[in-house]
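These notes concern the structure reproduced below.
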Amino acid sequence: MQVDESLDCKGLSCPMPIIKLSKAIKKMASGQVLELLGTDPGSKTDIPAWCEKTGNVFLEQKEEDGAFKFYIKKG
Amino acid sequence: MFKKGILRELFDSLFSKTWPMWIGGILLAVLSTLLFVIKYPWGASGGYVNIGQNLFHWLGVSSLGTNTPINLHTVALLNIFIILGAFVSALFSREFGIRVAPVGELVKGFIGGGLMAIGSTVGIGCTTGGFFSGVAALSGGALFLSLGFLLGTIVALKYILWEMEALPGISMGKSCTLLPGSQPKTGWQRWLGWILILAVLWVVHHYTSQGTSTMKVLGWHILIGLILGIILQRSRYCIVRAFREPFMTGEATAPVAIIISVIVALLGFTVIKYFGVGNAGELSVRAIELKSVYANFWLRALIGGFIFGLGMTIAGGCAVGTLWRAGEGHVKLWFSAAGFAILAPVSKGFIVPWVMKIIPESTSKELFLPDVLGYTGAVILVLFILLLWYIFVKWNEKTGKFSAL
């Protein structure tokens, strides 16, 4: 998967990852993919829910080295 | 841990996926009703005050101290065992990890906790004791406290969005995660969870076997605290979201979950108050009716609620949200808990008397809604307000009129 932007939200807790995600995605073009790195377990439900609400596409989620990686395609 | 079988399936169904928040809300309302029957509806800020007062007592600052040690204070014990319950739950679900946020975020945690300390002592009550229990207890002041939370949340959210644009450095910088449970070779974390549960059960037994009713009540608070912590962590129950989300993402999941949970508690509390259920031997029915109804109607509640709303939004967790997130390992919320506990006795000693001098006496009254409207009228009023809030959050979820993101 080609990642166009990466956003580091490690260590941050709710609501900071969602606010940063929203800000970052606004600057991207439709179809581009953002990778968000985070450590808040709440993001596992928050990010897919936010994508569904805002018309962005939640591609997948991985866990590596104690951090989550979320991949979101701008809708 | 178990051989793959039905017990393992049960364990996985409880600890592999996040529970819907409304399920957590119903369970929490039932437990709060049980706490009401045992002694007093669920609250949290009084526990922070007691822990802070003990801290000052140990430091030799007797003017801000207390004679009630933490191990004999029901709410302080609830708070501590909620942290422990959430810790155990996070270990079981492999969601534990000591998450050190950037320094700016840690400072925001401390400031948020401090504002919550001021807000809850000025307004009398936090989102749990003041709002969740207060509204269900048909307190007039609780309605103004809730309005204050809402206004404070809106202002603080505007600040956070501004900070993100103007001072992005605050939420950036060095961070790290220690002992994350999601990594391989962390099976010991689940065993630690079981050991802690056994240890808590032993402590409960230690209290209840002393025989006195006070110790039995304390023992049950420890047990219920552990269960509350597990439910809170699994359902990620968050009252900040209930106030904030309509103005941030527009999602109505959290507000609806909290509405459901207040309605369940309202039913339980009303039955207890109406019939005077509980420790009626020692207390008059009137004293039971006035539980969770504080002398804060209306301006005192509004001011305190506003300050608390600012604090909980900046910290990213209310009094209880701070506890379970602290148990899950978020260091920002450790700072929030510390700010809350340290500032609460200071606010009680210096800020509250000052506020009381400024505001008219007639604006800090105890108002039990059924005294004015009867039980039927009071319950209908609360249900009507909840219905209006429901209509607003669902309409806003569809239209996004008030959502910033």
Side-chain angles (χ1 to χ4, degrees), chain A residues 3 5-30 32 34-75, chain B residues 17-18 20-21 90 93-102 105-106 108-109 157 160-161 163-165 168 170-183 186 233 236 238 240-241 244-245 248-251 253 313 315-317 321 325 328-333 397 400 403-405:
Chain A
V3 173
E5 290 282 341
S6 188
L7 183 63
D8 184 1
C9 295
K10 290 203 290 281
L12 298 178
S13 53
C14 181
M16 305 312 277
I18 287 287
I19 295 181
K20 289 201 167 194
L21 168 62
S22 168
K23 187 184 163 193
I25 223 114
K26 273 184 191 145
K27 291 179 183 158
M28 292 170 63
S30 184
Q32 284 190 311
L34 176 106
E35 174 192 60
L36 187 148
L37 304 166
T39 53
D40 182 8
S43 298
K44 288 188 287 183
T45 44
D46 289 353
I47 293 178
W50 179 85
C51 288
E52 200 182 320
K53 179 140 196 329
T54 51
N56 294 294
V57 186
F58 183 75
L59 298 173
E60 68 167 320
Q61 173 198 322
K62 287 186 205 164
E63 280 186 49
E64 267 173 37
D65 304 325
F68 305 109
K69 286 181 174 179
F70 303 96
Y71 296 91
I72 301 120
K73 187 161 93 176
K74 178 158 180 172
Chain B
K17 271 193 183 162
T18 302
M21 202 189 283
S93 52
R94 298 191 186 283
E95 288 179 342
F96 179 72
I98 300 174
R99 301 163 177 99
V100 187
E105 286 294 301
L106 301 182
K108 273 163 68 186
L157 179 61
I160 291 180
L161 295 171
E163 176 202 291
M164 201 61 73
E165 295 299 329
I170 290 182
S171 54
M172 280 156 75
K174 258 190 134 176
S175 68
C176 63
T177 304
L178 309 168
L179 303 172
S182 56
Q183 279 191 314
T186 47
Q233 198 275 339
R236 308 197 78 76
C238 181
V240 180
R241 295 179 82 119
R244 183 193 65 206
E245 229 54 22
M248 199 177 103
T249 60
E251 279 177 67
T253 317
T313 308
R325 285 190 180 85
E328 199 179 69
H330 298 276
V331 177
K332 179 182 180 186
L333 283 307
E397 187 177 44
S403 324
L405 301 187

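These figures come from a predicted structure and were not determined experimentally. All values below come from the heavy atoms of this structure, side chains included, with hydrogens, waters and symmetry mates left out. Just so it is clear: chains get the letters A, B, ... in the order the sequence lines come, proteins before strands, and each one is counted from 1.
- Residues from residues 67-75 of chain A never place a non-hydrogen atom less than 4.5 Å from a non-hydrogen atom of chain B.
- Interface with chain B: from residues 36-46 of chain A, residues A/Thr39, A/Asp40, A/Pro41, A/Gly42, A/Lys44, A/Thr45, A/Asp46 qualify, criterion being any non-hydrogen pair under 4.5 Å.
- Listed by chain and number, the residues in a side-chain contact (heavy atoms from CB on, under 4.5 Å) with B/Met164 are A/Met16, A/Ile19, A/Lys20, A/Lys23, B/Ser171 (sequence neighbours excluded).
- Using a 4.5 Å heavy-atom cutoff, the side chains of B/Glu397 and A/Lys53 are in contact.
- For the atom pair NZ (B/Lys332) and OG (A/Ser13), the distance works out to 4.5 Å, reported to the nearest 0.5 Å.
- Of all heavy-atom pairs between B/Pro102 and A/Leu12, the closest is CD-CD2, 3.8 Å.
- For B/Glu251, the parts lying under 4.5 angstrom from a heavy atom of chain A are both the backbone and the side chain.
- Counting all heavy atoms, side chain and backbone alike, B/Thr177 lies closest to A/Gly66 at CG2-O, 4.4 Å.
- Highest contact tally toward chain A, considering only B/Lys17, B/Arg244, B/Glu328, B/Lys174, is held by B/Arg244 [criterion: heavy-atom pairs under 4.5 Å].
- Only the backbone of B/Ala404 comes within contact range of chain A, judged by heavy atoms closer than 4.5 Å.
- Residues passing the salt bridge (Lys or Arg N to Asp or Glu O under 4.0 Å) test with A/Lys10 are A/Asp8, sequence neighbours excluded.
- For B/Leu178, no part lies under 4.5 angstrom from a heavy atom of chain A.
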Subject >> side chain to side chain contact (heavy atoms under 4.5 Å, CB included) between A/Cys14 and B/Arg241, worked out >> reply: CA-CA 9 Å; A/Cys14 181; B/Arg241 295 179 82 119; 3.9 Å; yes

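- In this structure, chain A has a heavy atom under 4.5 Å from the side chain of B/Glu105, while its backbone stays farther away.
- Side-chain atoms of B/Ser182 and A/Glu64, non-hydrogen and from C-beta on, never get closer than 4.5 Å to each other.
- With a 4.5 Å cut-off on non-hydrogen atoms, B/Leu333 touches chain A through its side chain but not through its backbone.
- In this structure, B/Gly316 and A/Pro15 approach most closely via the heavy-atom pair CA-CD, 4.5 Å.
- For B/Gln233, no part lies near chain A; criterion is any non-hydrogen pair under 4.5 Å.
- No part of B/Ile98 comes within reach of chain A, as not one of its non-hydrogen atoms sits under 4.5 angstrom from that chain.
- Environment of CD in A/Glu63: crowded, with over 12 heavy atoms of neighbouring residues, nucleotides or ligands closer than 6.0 Å.
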